[in-house]
Engineer: 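Would you mind keeping the following structure in view while I ask a few things?
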Amino acid sequence: MPRTAIEIPLIPQPGEIWFYVDLALIDDVLGLYELLAELNITPKIAYTQTREGIEVALLLAYERREHMPEPPDDFYWKEQQALANAIDTEAIHCRFRRTVALQAA
């Protein structure tokens, strides 16, 4: 049975949150896997398309919320901080989209 990688959309659907790491910016992939194991995260191979091409990534978490009018400040916060202390912060991504449009001022 063929396996496929998960596609992380450039623009998430309303309420979606995608937390992932860009593998191209990781020097020590084995060390990253060890840290993720300590954080009880089981990553999945994923990719995202950008203007520059395709980025291969590790999807760390995905969630869909019915109501998300503000950026998710509670989404894997401890895990994001642990990663920021261990790897290049440019590799850490959290894409999301609010469930309501912002009001024009």
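Quantities reported herein were computed from a predicted structural model and do not represent experimental measurements. Sequential numbering from 1 along the given sequence is applied to the chain's residues.
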Engineer: Side chains of Ile45 and Leu59: closer than 4.5 Å at any heavy-atom pair?
Structural biologist: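 No. Closest side-chain heavy atoms not under 4.5 Å.
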
Engineer: To check you understand the geometry: which heavy-atom pair defines the closest contact between Ala86 and Leu35, and what is its length?
Structural biologist: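 Here Ala86 and Leu35 meet closest at CB-CD2, 3.6 Å.
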
Engineer: Would a hydrophobic clustering, with Ile, Leu, Val, Met, Phe, Trp and Tyr connected at side-chain separations under 4.5 Å, put Leu23 with Leu83?
Structural biologist: yes

Engineer: Kindly indicate whether the side chain of Glu79, heavy atoms from C-beta on, has any atom under 4.5 Å from the side chain of Leu60.
Structural biologist: no

Engineer: Looking only at atom types and distance, does a side-chain atom of Arg95 sit under 3.5 Å from a main-chain N or O of Pro9, one as donor and one as acceptor?
Structural biologist: yes

Engineer: Please find the pair of heavy atoms, one from Ala46 and one from Ala5, that lie closest to each other, and give the distance.
Structural biologist: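 Scanning both residues completely, I find the closest heavy atoms to be CA-CB, 4.3 Å.
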
Engineer: Once rounded to the nearest 0.5 Å, what's the spacing between atom CD1 of Ile6 and atom OH of Tyr20?
Structural biologist: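 So the CD1 of Ile6 and the OH of Tyr20 are separated by 13.0 Å.
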
Engineer: Is any side-chain heavy atom of Leu58 closer than 4.5 Å to one of Leu36?
Structural biologist: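 In short, these two side chains touch, coming nearer than 4.5 Å.
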
Engineer: Report yes or no: do Glu7 and Tyr47 form a side-chain donor-acceptor pair below 3.5 Å?
Structural biologist: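 A donor-acceptor contact under 3.5 Å links the two side chains.
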
Engineer: Please check if Phe19 and Trp77 belong to a single hydrophobic cluster, counting links between Ile, Leu, Val, Met, Phe, Trp and Tyr side chain heavy atoms closer than 4.5 Å.
Structural biologist: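 They do not share one cluster, since no chain of ILVMFWY contacts under 4.5 Å joins Phe19 to Trp77.
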
Engineer: CD/Glu34 to CG/Leu39 distance, rounded to the nearest 0.5 angstrom?
Structural biologist: 12.0 Å

Engineer: Determine, step by step, whether Gln13 and Arg64 satisfy the side-chain contact (heavy atoms from CB on, under 4.5 Å) criterion, reporting the C-alpha distance in whole Å, the side-chain angles of both residues, the deciding distance to 0.1 Å, and the verdict.
Structural biologist: CA-CA 9 Å; Gln13 293 297 313; Arg64 185 173 186 121; 3.9 Å; yes

Engineer: Side chains of Asp27 and Asp88: does their closest heavy-atom pair fall under 4.5 Å?
Structural biologist: no

Engineer: What heavy-atom pair brings Glu66 and Thr99 nearest, and what distance separates the two atoms?
Structural biologist: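 In this case the closest contact between Glu66 and Thr99 is O-CG2, 3.5 Å.
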
Engineer: Do Val29 and Ile87 share a hydrophobic cluster (ILVMFWY, side-chain heavy atoms under 4.5 Å, transitive)?
Structural biologist: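 They do share one cluster, since a chain of ILVMFWY contacts under 4.5 Å joins Val29 to Ile87.
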
Engineer: Specify the closest pair of heavy atoms between Cys94 and Gln80, including all atoms of both residues, with the distance to one decimal.
Structural biologist: SG-NE2, 4.2 Å

Engineer: Could you give the distance from NE2 (His93) to CD (Glu90), rounded to the nearest 0.5 Å?
Structural biologist: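 Answer for the NE2-CD pair, His93 versus Glu90, is 7.5 Å.
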
Engineer: What heavy-atom pair brings Arg65 and Ile17 nearest, and what distance separates the two atoms?
Structural biologist: NE-CD1, 3.6 Å

Engineer: Answer yes or no: is there a donor N or O on one side and an acceptor on the other, between the side chain of Thr48 and the main chain of Ile8, under 3.5 Å?
Structural biologist: yes

Engineer: Closest approach of Asp22 and Val56, non-hydrogen atoms and distance?
Structural biologist: OD1-O, 3.5 Å

Engineer: Are Tyr62 and Phe96 linked, directly or through intermediate hydrophobic residues, by side-chain heavy-atom contacts shorter than 4.5 Å (ILVMFWY only)?
Structural biologist: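 Result: no, two separate clusters.
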
Engineer: Do you reckon Tyr33 sits in the same ILVMFWY cluster as Tyr76, going by side-chain contacts under 4.5 Å, direct or chained?
Structural biologist: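 Yes.
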
Engineer: Taking only Lys NZ, Arg NE, NH1 and NH2, and the carboxylate oxygens of Asp or Glu, determine whether Arg97 and Glu16 approach each other closer than 4.0 Å.
Structural biologist: no

